[in-house]
Amino acid sequence: MGSKGSQGSEGSGSELGEFLRLRRAAVTPAELDLRVPSEHRRVAGLRREELAGLAGISLAYYTRLEQGRSTNASDQVLDAIARVLRLDATQRAHLYDLARRPPRAVRRRPPAEQPHPRSVQLLEALHHLPALLLGRRNDVLAWNPLGHALLAGHLPYEAPADPATRPSMSRMLFLDPHTRELERDWEHYARTHVGYLRLVAGRYGEDRALAELIGELTMKSQEFAAWWAGGNVRECTFGSRVLDHPVVGPVEVTYQVWLQPDRPDHRLELYTPGPDPAAADALALLEGRLEPPQTARASVATARAR
């Protein structure tokens with residue numbers, strides 16, 4: 001998908017087929033209590049005919065589905081395939097996204113995302129917790145002073161105010177040396193991020209800017225390209241991170257994402273100290289080094305006004 005992000009249109013069959021093949025390869029006959037001879041078996045996972053038989057559909061129909069030549073699979077068929085492939089809730093949602101996409105979805109460049117004033121007001125009110133507002137493609141739409149200081153103090157605070165200069169958390173994670181050094185368990189967090197991007201890409205296949213972002217990361221980061229090819233999808237709504245912060249040293253934080261019903265594309269990401277009391281001390285020390293509150297609030301308001 002990523003390498004074709006600049007093209008005008010692309011069918012979803014290749015992405016659906018890729019996802020089905022990868023998941024099929026990840027399930028062994030033994031896991032499903034299938035007794036099959038091991039000699040001359042060239043694949044470790046399920047064969048097409050085995051999956052079709054277990055799902056109760058014809059081999060010809062499943063083959064057309066995997067090859068992108070059938071785009072009208074019923075809920076019952078998709079549920080049966082998901083059951084055989086042992087898909088979790090996130091993977092099942094991704095399967096539905098890919099199967100329901102129009103066969104020749106035209107990619108368009110969406111208008112620049114704008115933070116809702118309500119969300120920015122909430123960021124302003126969160127003086128003691130790092131927080132940021134992320135858009136569909138993980139662009140920073142707004143952040144509060146502590147969120148900026150914790151995650152991107154090397155970037156201009158006003159950067160999110162202009163769509164042309166907004167930091168991309170995805171690009172930062174894979175292409176910015178400072179962000180890579182900040183994350184102690186970089187590989188774990190980066191793998192999770194790739195899985196989330198694949199989930200979003202399945203949901204918004206028409207988003208040209210998202211496709212271009214994935215294409216750029218695929219070309220510029222070997223790790224991203226390898227993990228993207230793995231086909232894993234993950235939701236990313238909570239977790240923990242250990243940061244080697246250049247100002248306050250190691251700090252463990254937990255994060256949780258709050259979704260807004262009227263703007264499901266936008267995610268408010270909040271950070272709280274980890275269980276070690278030293279984490280709260282580190283955040284308090286970082287807060288103490290911020291600019292005066294009135295100046296900080298005016299900086300956030302700039303993002304809201306635009």
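These figures come from a predicted structure and were not determined experimentally.
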For [X] and [Y], does a side-chain donor sit closer than 3.5 Å to a side-chain acceptor?
X    : Y    : result
S170 : H193 : yes
D79  : Y96  : yes
D97  : Y204 : no
R241 : Y189 : yes
T254 : T272 : yes

Salt bridge flag under 4.0 Å for residues [X] and [Y]:
X    : Y    : answer
E216 : R171 : yes
E50  : R24  : no
R191 : D185 : no
E113 : R166 : no

Residues, nucleotides or ligands: over 12 heavy atoms within 6.0 Å of H154 NE2: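 Yes, NE2 of H154 has more than 12 neighbouring heavy atoms, counting only those of other groups under 6.0 Å.
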Under the 6.0 Å and 45° cation-pi test, does R198 pair with W228?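 Relative to the ring axis of W228, which defines the angle, R198 lies inside both limits.
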Establish, yes or no, whether a centroid distance under 6.0 Å links the rings of W186 and F174.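 Yes: the rings meet the under 6.0 Å criterion.
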For salt bridge (Lys or Arg N to Asp or Glu O under 4.0 Å), just list the numbers for E223 and R180, CA-CA rounded to whole Å, side-chain angles, deciding distance to a tenth of an Å, and then say yes or no. CA-CA 12 Å; E223 293 103 333; R180 185 160 184 157; 2.7 Å; yes
